[in-house]
Structures are given as C-alpha cells and as structure tokens.
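Below: one structure, written as structure tokens.
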Amino acid sequence: MSFFVRNALFSLLLLPALLSGCATAQKPLTGLVPGRTVETVQSSISISVSAGTQSTGGRGYLAYQAPALFHLVLLTPFGQTVLEAFSENDRFTCVVPDRRVAYTGLVSELPDNSVLKSVDLLKWVMAPAPFPVPAPAAGETVQVSGVSYQFDKNGMLERKVSSEGDQVSYRNYQSIEGVAFPESVEVQNRYGAKVRIVFDEPQLNATVEESTLKPDLTGLSVLPLTEFKSL
C-alpha cells in the first residue's frame with residue numbers, strides 16, 4: 001500500500017476523534033436568520049490528525065446532507081484522490097481508487113472496538129444542538145439525552161460531549177447564508193485520537209447532487225466492510 005494511501009486511511013479512521021472540540025465565537029454574529037440551520041455543507045477542507053506519537057494531515061473535500069449522509073474525499077499533495085468514504089445511515093463504504101477496491105457494509109456489524117465505528121461521529125459533529133441559535137443558555141452547559149452542550153457567552157455552541165466520552169469543539173463562527181457556521185472543528189474521540197478540520201469557503205444549504213453522496217462501485221472489487229484492515 002502506498003505511503004499516501006496509508007496516511008489517508010489513517011486520517012479517515014481518526015477523523016471522528018479530531019472532530020470533537022470547543023467552539024469559540026470571538027464577536028457577536030450579525031445577519032443570522034432565526035430557525036435556519038445547516039441542511040447541507042459542501043466545502044474544501046484541510047485535516048490534521050494525531051494519535052499517540054503519530055500524526056498526519058492533508059487536504060480534501062466534504063459533502064454533507066443532514067441528517068445521515070456524507071462523502072469525504074482525501075487527496076495527495078498532488079491533488080490525486082487516494083480515498084473516499086461514504087456514509088448513509090448505518091451503511092459505510094470506503095473506496096481506495098488506486099487499488100480498485102471498495103469495502104462496504106453496516107457499521108453496526110463491526111466489533112465494538114472497530115475504529116470504523118468512530119467515523120459515524122462526523123454526522124454527530126455536524127448535527128445542530130437542540131436549541132435555537134443563539135441559545136438562551138448563553139455561557140452555560142445543558143444536558144440533553146446524555147449529551148452535554150456548552151455555549152459561549154454569545155449563545156453559540158462551543159463544545160459538546162457524549163456520554164461515551166467523545167467530544168467536539170467548534171471555533172470561530174461566521175455567518176453564512178444566515179447560519180452560524182464554525183471555521184473549524186476539533187474532535188477527540190473516546191480513545192484519545194484527535195482531528196482538526198478547517199473549512200475553506202463552505203457552501204451551505206445548496207442542493208447536493210445525489211451522485212455526489214452515493215458511491216459508484218462500477219469496475220471495483222467489492223469486499224465486506226469487516227475485511228477493511230488498512231491500519
């Protein structure tokens with residue numbers, strides 16, 4: 001397996017870990033539309049990942065459609081696609097183009113300690129808090145269904161922590177299309193792996209083509225998700 005593929009796979013599997021962090025609003029936002037939330041995101045991204053003594057990083061692309069669809073692309077420094085990940089509800093598909101192989105199956109069928117299960121955190125990270133923005137609990141922490149939501153002094157979601165110990169922080173909010181959206185997210189999963197994602201000129205709530213969110217497995221060898229052992 002190539003160096004770039006190994007690092008891309010490593011980045012993907014640790015992504016949920018990094019996606020958990022703390023959100024900081026440095027100044028009050030203007031132009032927010034009450035009740036408007038994130039329905040879709042399309043953005044170039046940069047990713048940095050660390051776990052123990054290992055670290056890596058790179059650039060890529062993310063397409064997300066609430067509540068349970070995403071497509072993540074990881075690129076080499078030369079712009080070649082080395083890995084694509086698709087999630088739809090419980091089904092997860094990982095495509096490695098240079099090997100012409102795809103792994104697909106249900107996340108729920110994986111063992112509890114599988115790192116692939118942490119990929120589902122991306123959907124949890126993107127999900128909004130069950131409060132209007134700005135939240136009435138400015139500067140406070142609220143518990144809902146086992147999840148702890150911490151808000152900054154301006155009522156923006158700063159951090160959330162799951163009952164299992166996964167956590168995500170949201171930093172440097174900006175107003176985009178009337179929606180408060182973070183410039184970056186920092187995630188740490190329950191196993192200590194960390195990921196930081198920075199969004200580059202994200203496009204919110206535009207239509208995402210169905211083909212963008214569905215893997216094309218034509219011409220690929222398709223293997224069970226349980227056989228994905230790239231780490």
Side-chain angles (χ1 to χ4, degrees), residues 1 3-26 38 41 43-64 70-77 82-87 92 94 96 107 110-129 141 146-152 156-174 180-200 202 228-231:
M1 185 181 296
F3 171 81
F4 291 121
V5 171
R6 287 199 308 273
N7 278 335
L9 294 172
F10 178 69
S11 299
L12 171 64
L13 296 176
L14 294 178
L15 174 63
L18 179 64
L19 286 179
S20 177
C22 194
T24 303
Q26 297 182 343
V38 174
V41 177
S43 181
S44 296
I45 59 174
S46 61
I47 303 175
S48 59
V49 181
S50 64
T53 59
Q54 295 181 295
S55 64
T56 188
R59 298 194 61 82
Y61 177 81
L62 174 67
Y64 164 80
F70 73 78
H71 176 197
L72 176 68
V73 179
L74 297 179
L75 306 172
T76 71
V82 291
L83 185 139
E84 295 185 74
F86 299 82
S87 181
F92 178 78
C94 179
V96 185
V107 175
L110 296 171
D112 290 339
N113 63 350
S114 171
V115 290
L116 284 177
K117 281 198 168 182
S118 65
V119 175
D120 255 5
L121 278 179
L122 179 56
K123 292 175 285 190
W124 179 72
V125 166
M126 300 298 293
T141 299
V147 179
S148 174
Y149 298 87
Q150 180 179 328
F151 298 91
D152 66 18
M156 297 292 108
L157 180 60
E158 182 175 64
R159 183 171 181 257
K160 67 179 177 181
V161 182
S162 73
S163 58
E164 292 82 12
D166 303 311
Q167 49 188 289
V168 56
S169 301
Y170 307 85
R171 299 190 183 279
N172 301 327
Y173 278 95
Q174 51 195 318
F181 191 79
E183 181 180 274
S184 66
V185 292
E186 298 179 3
V187 183
Q188 179 172 318
N189 71 8
R190 66 196 74 176
Y191 305 108
K194 298 179 181 180
V195 178
R196 182 170 186 261
I197 293 183
V198 179
F199 299 94
D200 182 9
F228 187 81
K229 304 181 186 300
S230 58
L231 285 183

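A quick note: this is a predicted structure, and the numbers were derived from the prediction, not measured.
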- request: Tell me, please, which residues at least two apart from S43 pass side chain to side chain donor-acceptor pair (under 3.5 Å).
  value: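 Scan of S43 (side chain to side chain donor-acceptor pair (under 3.5 Å), adjacent residues dropped) gives none.
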task: Check whether any side-chain N or O of D166 sits under 3.5 Å from a backbone N or O of R190 as a donor-acceptor pair, and report yes or no.
output: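 Judged by distance alone, yes, a pair lies under 3.5 Å.
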Nearest 0.5 Å, please: how far is [atom2] in [Y] from [atom1] in [X]?
X	Y	atom1	atom2	value
L72	F86	CG	CZ	9.5 Å
R171	R159	CZ	CZ	10.0 Å
I197	S46	CD1	OG	8.5 Å
S48	K194	OG	NZ	11.0 Å
L83	C94	CG	SG	4.0 Å
F199	Q174	CZ	CD	9.5 Å

task: Ignoring hydrogens and angles, state whether a donor on the side chain of S87 or K123 is under 3.5 Å from an acceptor on the partner side chain.
output: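 Checked: S87/K123 side chains pair up, N/O donor to acceptor below 3.5 Å.
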- prompt: Is the shortest heavy-atom distance from the side chain of V147 to the side chain of W124 under 4.5 Å?
  reply: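 They are in side-chain contact.
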task: Using ring-ring contact (aromatic ring centres under 6.0 Å, His included) as the criterion, list what pairs up with F151, not counting sequence neighbours.
output: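 Partners of F151 under the ring-ring contact (aromatic ring centres under 6.0 Å, His included) test: F131.
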- request: Give the minimum heavy-atom separation between V41 and F181, together with the two atoms involved.
  value: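 Looking at all heavy atoms of both residues, the closest pair is CG2-CE1, 3.9 Å.
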query: Taking only residues two or more places apart in sequence or in another chain, which ones pass side chain to side chain contact (heavy atoms under 4.5 Å, CB included) with V73?
result: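 Side chain to side chain contact (heavy atoms under 4.5 Å, CB included) list for V73, sorted by chain: Y61, H71, L75, T81, E84.
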task: Determine the sole option in L62, V185, L74, D200 for which the side chain to side chain contact (heavy atoms under 4.5 Å, CB included) test with I45 is passed.
output: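 Testing I45 for a side chain to side chain contact (heavy atoms under 4.5 Å, CB included) against L62, V185, L74, D200 leaves exactly one candidate, L62.
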